[in-house]
Amino acid sequence: TDCKCHGLSGSCALRTCWRKMPPFRDVGNRLKERFAGAAKVIPSNDGHSFMPEGPTIKPPDRGALVYSEASPDFCKPNRKKGSLGTHGRECNATSPGVEGCELLCCGRGFDTHQKRVKINCECRFKWCCEVTCNTCSIKKVINTCR
């Protein structure tokens with residue numbers, strides 16, 4: 001809830017409040033937390049509710065994240081699901097995140113090769129509105145999933 005005061009000299013004679021969405025980053029963090037504890041559910045016998053798939057899993061509360069089907073394996077190509085797989089994808093060998101080779105290549109490893117690429121370099125700003133650059137050729141290390 002956000003509020004704003006109205007009145008002479010900030011007297012807050014009238015206060016207007018409204019509800020707004022939280023910042024996008026907060027929503028993403030909340031979903032990520034709930035995703036880690038998501039429970040698989042199946043329809044219950046009454047036809048109106050769900051129950052945990054396994055007897056050892058506690059029933060999810062009202063705010064819990066639940067799912068009924070496991071996610072497809074995006075590591076391997078699957079035309080039916082629209083997945084191209086990760087073979088040949090470029091990855092970052094030094095990153096532990098989702099773009100890192102260990103996670104993105106699904107443990108299959110990766111190949112490293114060098115490639116010459118042309119980039120703009122030695123750029124100079126000329127008075128009012130013009131930038132001139134030279135073209136340089138550099139070696140770039142590229143990692144691709146096996």
Side-chain angles (χ1 to χ4, degrees), residues 1-123 125 129 131 133-146:
T1 303
D2 242 356
C3 296
K4 183 176 182 177
C5 286
H6 309 280
L8 297 172
S9 303
S11 66
C12 208
L14 177 67
R15 191 171 155 195
T16 306
C17 295
W18 62 93
R19 293 180 61 117
K20 69 176 197 172
M21 292 290 291
F24 188 75
R25 175 71 58 193
D26 293 350
V27 173
N29 288 340
R30 264 194 194 157
L31 278 171
K32 188 174 180 183
E33 285 172 15
R34 290 185 182 176
F35 179 79
K40 187 168 184 181
V41 293
I42 55 174
S44 64
N45 291 337
D46 66 7
H48 297 289
S49 58
F50 296 100
M51 57 189 226
E53 184 181 47
T56 57
I57 302 169
K58 69 175 184 131
D61 61 357
R62 187 167 174 78
L65 193 62
V66 297
Y67 64 97
S68 59
E69 290 183 32
S71 293
D73 181 5
F74 292 106
C75 295
K76 298 174 187 152
N78 184 335
R79 287 179 188 239
K80 192 175 180 183
K81 299 282 183 186
S83 171
L84 301 175
T86 60
H87 176 75
R89 285 275 302 268
E90 235 179 83
C91 62
N92 182 345
T94 58
S95 173
V98 291
E99 73 280 355
C101 292
E102 187 60 37
L103 192 59
L104 188 64
C105 299
C106 307
R108 294 186 311 262
F110 59 96
D111 296 320
T112 303
H113 58 280
Q114 289 187 355
K115 182 180 181 182
R116 281 211 167 274
V117 291
K118 293 183 180 185
I119 60 165
N120 287 335
C121 62
E122 300 169 14
C123 295
F125 176 73
C129 318
V131 177
C133 299
N134 290 335
T135 303
C136 296
S137 179
I138 62 166
K139 284 183 184 176
K140 184 177 178 184
V141 175
I142 297 176
N143 302 305
T144 53
C145 295
R146 289 186 186 145

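Just so you know, these numbers come straight off a predicted model, no measurement behind them. What's counted below: heavy atoms across the whole structure, side chains too, no hydrogens, waters or symmetry copies.
In this structure, the side chain of Asn120 does not engage the main chain of Cys123 through any donor-acceptor pair within 3.5 Å.
With sequence neighbours left out, Thr94 forms a side-chain hydrogen bond (donor to acceptor under 3.5 Å, both in side chains) with Asn92.
Side chains of Ile42 and Met51 form a contact here, defined as non-hydrogen atoms less than 4.5 Å apart. In this structure, Trp18 and Lys4 have side chains that are in contact, with non-hydrogen atoms separated by less than 4.5 Å. Side chains of Phe35 and Leu65 form a contact here, defined as non-hydrogen atoms less than 4.5 Å apart. You'll find the side chain of Cys17 reaches within 4.5 Å of the side chain of Arg15, heavy atoms only. No side-chain heavy atom of Pro72 sits less than 4.5 Å from a side-chain heavy atom of Ser83. Within the 4.5 Å cutoff, the side chain of Thr144 has heavy atoms near those of the His113 side chain. Side-chain contact between Lys115 and Lys139 is absent, with no heavy atoms from C-beta onward closer than 4.5 Å.
Shortest non-hydrogen contact noted between Arg108 and Cys75 is NH1-O, 3.4 Å. Here the closest non-hydrogen pair linking Arg34 and Gly63 is NH1-O, 3.1 Å. When all heavy atoms are compared, the tightest approach of Glu90 to Leu104 is O-CD2, 3.5 Å. Here the closest non-hydrogen pair linking Val131 and Phe125 is CG2-CD1, 4.0 Å. The shortest non-hydrogen separation linking Cys105 to Gly109 is CB-O, 3.5 Å.
For CG of Asn45, the number of neighbouring non-hydrogen atoms (other residues, nucleotides, ligands) closer than 6.0 Å is 12 at most.
For a disulfide, the SG atoms of both cysteines must be under 2.5 angstrom apart; this fails for Cys121 and Cys133. Under the 2.5 Å cut-off for SG-SG separation, Cys101 and Cys145 do not qualify: their sulfur atoms lie farther apart than that.
Thr135 OG1 to Glu122 CD: the interatomic distance, rounded to the nearest 0.5 Å, is 10.0 Å. Rounding to the nearest 0.5 Å places SG of Cys136 at 11.0 Å from NZ of Lys118.
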